[in-house]
2 protein chains.
Amino acid sequence: MMVSKEALFEQLASLIASAHQLHYEMTKDLPMDDITPLQYEILEFLSVKQPITLSQLSECKGISMPNTSREIKKLTDKGLCEKIDDAGDRRKQYVRLSASGEARMAESFTHMKQLFLQRVEGVQDAELTQMSEAIGVLRATVLRD
Amino acid sequence: MMVSKEALFEQLASLIASAHQLHYEMTKDLPMDDITPLQYEILEFLSVKQPITLSQLSECKGISMPNTSREIKKLTDKGLCEKIDDAGDRRKQYVRLSASGEARMAESFTHMKQLFLQRVEGVQDAELTQMSEAIGVLRATVLRD
DNA sequence: ATAACTTATTATCAAATGATAACAAAGAAG
DNA sequence: CTTCTTTGTTATCATTTGATAATAAGTTAT
């Protein structure tokens, strides 16, 4: 089979839309009492890329430095993340989830996993393997970091 | 190969994160002069699911009806989308992109496609085919609508 | 018919987020 | 040493977004 890059882009755009929708559906019922949507986004980002400096976080998420600083301060005040001084460069501060931040995100992921398990209930092993391999392929190609 | 559903969930979570990041990187340089982030999100959604009633849009995107109505009004005023009365039920109004809304989104997708093409420059046909099949598998399984 | 429900609108207020300026401390470069 | 750059903070204001109440018109059920 021959695949044009144009057609592949259409597929990818569609995949991204579906992934976004799935994420929305898996997270919409989460508590979220104590934190704002942006703060949750930051926590989710930290749970994937950690530790990270404030500048890097600002750059990766497209949030200005002053606003990044403000939000991280709020999250730190809430005990959900913590700052670590860089040993070599005393200007830099790394941010990571605190123990309770990790716990908090673990809850989120558990909730999402429940919904995921419902969705793949009764799916055969062969198909699961196929899905796993498909994700592997994508992460190795377009979605590599 | 045997894949546990737990492991597959981890992979999926990682895929969603990567897809989100890729989408961010492909869209961050877009003009966005005339519309707000939320309005862009709505336009992107419409370009995938169209036409749709205000209620459905409200439900799908998790935006309250009053706020959905307000944002659609703004987009309509800007000439980017239009409402169509439902023939059967005179309460309902369908929303779809206008011609200039379609044009606007076509520009966005063209920009994204440029970045995508850079990313897959020099990738072999065999690998493109593999990617295409992988996306097909995912859309047929977890990411089906 | 009328009561209950659905769909959409307008108005209003509160909260979250974005943008900018001014500042300070540390490091890098000349 | 002093100049320039990087990293982060605080303060402030504007804009965007969320939440709620009140309303109106159309549909459905009783």
Side-chain angles (χ1 to χ4, degrees), chain A residues 20 23-24 27-46 49-78 80-96, chain B residues 20 23-24 27-46 49-78 80-96:
Chain A
H20 181 270
H23 179 261
Y24 165 70
T27 53
K28 68 176 171 186
D29 299 325
L30 285 174
M32 297 298 179
D33 1 285
D34 47 347
I35 56 174
T36 70
L38 180 61
Q39 285 163 12
Y40 179 78
E41 261 192 62
I42 292 174
L43 292 183
E44 233 185 29
F45 187 85
L46 286 178
K49 223 178 190 94
Q50 196 185 188
I52 187 173
T53 67
L54 282 155
S55 310
Q56 291 171 326
L57 179 59
S58 167
E59 164 66 21
C60 290
K61 296 282 306 172
I63 306 169
S64 71
M65 267 302 291
N67 292 337
T68 302
S69 175
R70 175 181 62 196
E71 298 308 319
I72 291 300
K73 182 173 189 328
K74 287 179 184 170
L75 286 170
T76 304
D77 289 347
K78 292 173 191 187
L80 293 169
C81 69
E82 53 197 19
K83 298 178 191 170
I84 319 151
D85 293 329
D86 183 303
D89 187 335
R90 287 193 301 170
R91 289 170 303 180
K92 288 187 187 171
Q93 287 189 284
Y94 285 90
V95 187
R96 69 169 176 215
Chain B
H20 181 271
H23 179 262
Y24 165 70
T27 54
K28 69 176 171 188
D29 298 325
L30 286 173
M32 296 299 180
D33 0 286
D34 47 346
I35 55 175
T36 69
L38 180 60
Q39 284 162 14
Y40 179 79
E41 261 192 63
I42 292 173
L43 292 183
E44 234 187 26
F45 188 85
L46 286 178
K49 223 178 190 95
Q50 194 185 186
I52 188 173
T53 67
L54 282 155
S55 309
Q56 291 171 325
L57 179 60
S58 167
E59 164 66 22
C60 291
K61 296 282 306 170
I63 306 169
S64 71
M65 267 301 291
N67 293 337
T68 302
S69 175
R70 174 181 63 197
E71 297 309 319
I72 290 300
K73 183 174 189 329
K74 287 178 183 170
L75 287 170
T76 304
D77 290 346
K78 291 173 191 185
L80 294 170
C81 69
E82 52 197 21
K83 298 179 191 170
I84 318 151
D85 294 328
D86 183 305
D89 187 335
R90 289 191 302 170
R91 292 169 303 181
K92 289 186 186 172
Q93 286 189 284
Y94 286 89
V95 187
R96 69 169 176 217

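Quick note on labels: first sequence line is chain A, next is B, and so on, each numbered from 1. Not measured: the values here are computed from a predicted model.
- B/Lys78 places a side-chain N or O within donor-acceptor distance of the main-chain N or O of B/Asp34, the cut-off being under 3.5 Å.
- Straight-line distance from the CG atom of B/Leu54 to the C1' atom of C/dT9: 10 Å, rounded to whole Å.
- In this structure, B/Ile63 atom CD1 and D/dT20 atom C1' are separated by 17 Å, rounded to whole Å.
- A donor-acceptor contact under 3.5 Å links the side chain of B/Arg91 to the base of C/dT6.
- Of the two residues contacting DNA chain C, namely A/Thr36 and A/Arg90, the nearest-nucleotide position lying further toward the 5' end is that of A/Thr36.
- At a threshold of 4.0 angstrom between heavy atoms, the contacts of A/Gly62 with the nucleic acid are absent.
- Between the CG atom of A/Leu75 and the P atom of C/dA16 there is a distance of 12 Å, given to the nearest Å.
- Between the CD1 atom of B/Ile84 and the P atom of C/dA8 there is a distance of 12 Å, rounded to whole Å.
- Considering only the side chain of B/Glu71, D/dT17 comes nearest among C/dA8, D/dT17, D/dT10.
- For the pair A/Lys83 and B/Ala87, both in contact range of DNA chain D, the more 5′-proximal nearest nucleotide belongs to A/Lys83.
- A/Ile42 and A/Glu71 get closest at one heavy-atom pair: CD1-CB, 3.8 Å.
- Here B/Asn67 lies in heavy-atom contact (under 4.0 Å) with a base.
- Shortest non-hydrogen contact noted between A/Phe45 and A/Lys61 is CD1-CD, 3.7 Å.
- Summarising the local packing, NE2 of A/His23 is surrounded by more than 12 heavy atoms from other residues, nucleotides or ligands at distances under 6.0 Å.
- Between A/Gln39 and C/dA16, a side-chain N or O to OP1/OP2 separation shorter than 4.0 Å is absent.
- In this structure, CE of B/Met32 is placed 13 Å from P of D/dT16, rounded to the nearest angstrom.
- By the neighbour-count criterion of 12 heavy atoms within 6.0 Å, atom CD of A/Gln50 is densely surrounded, having more than that number from other residues, nucleotides or ligands.
- When the nearest nucleotides of DNA chain D are assigned to B/Lys74 and B/Ser64 by heavy-atom distance, the more 5′-ward of the two goes with B/Lys74.
- The A/Leu38 side chain lies nearest to C/dG18 when the options are C/dG18, C/dT9, D/dT9.
- Comparing the local axis fitted to the first five base pairs of the helix from C/dA1-D/dT30 to C/dG30-D/dC1 with the one fitted to its last five gives a bend of 30°, rounded to 10°.
- Within 4.0 Å of B/Pro66, counting heavy atoms only, lies at least one base atom of the nucleic acid.
- Using a 3.5 Å distance cut-off with no hydrogens or angles, the side chains of A/Lys49 and A/Gln56 do not pair a donor with an acceptor.
- The side chain of A/Ser69 contributes no N or O atom lying less than 4.0 Å from OP1 or OP2 of D/dT10.
- Counting all heavy atoms, side chain and backbone alike, B/Cys81 lies closest to B/Ile72 at SG-O, 4.0 Å.
- Atom-to-atom, CD of B/Gln56 to C1' of C/dA8 comes out at 14 Å; the value is rounded to the nearest Å.
- You'll find a donor-acceptor pair under 3.5 Å spanning the side chain of B/Arg70 and the base of D/dG18, going by distance alone.
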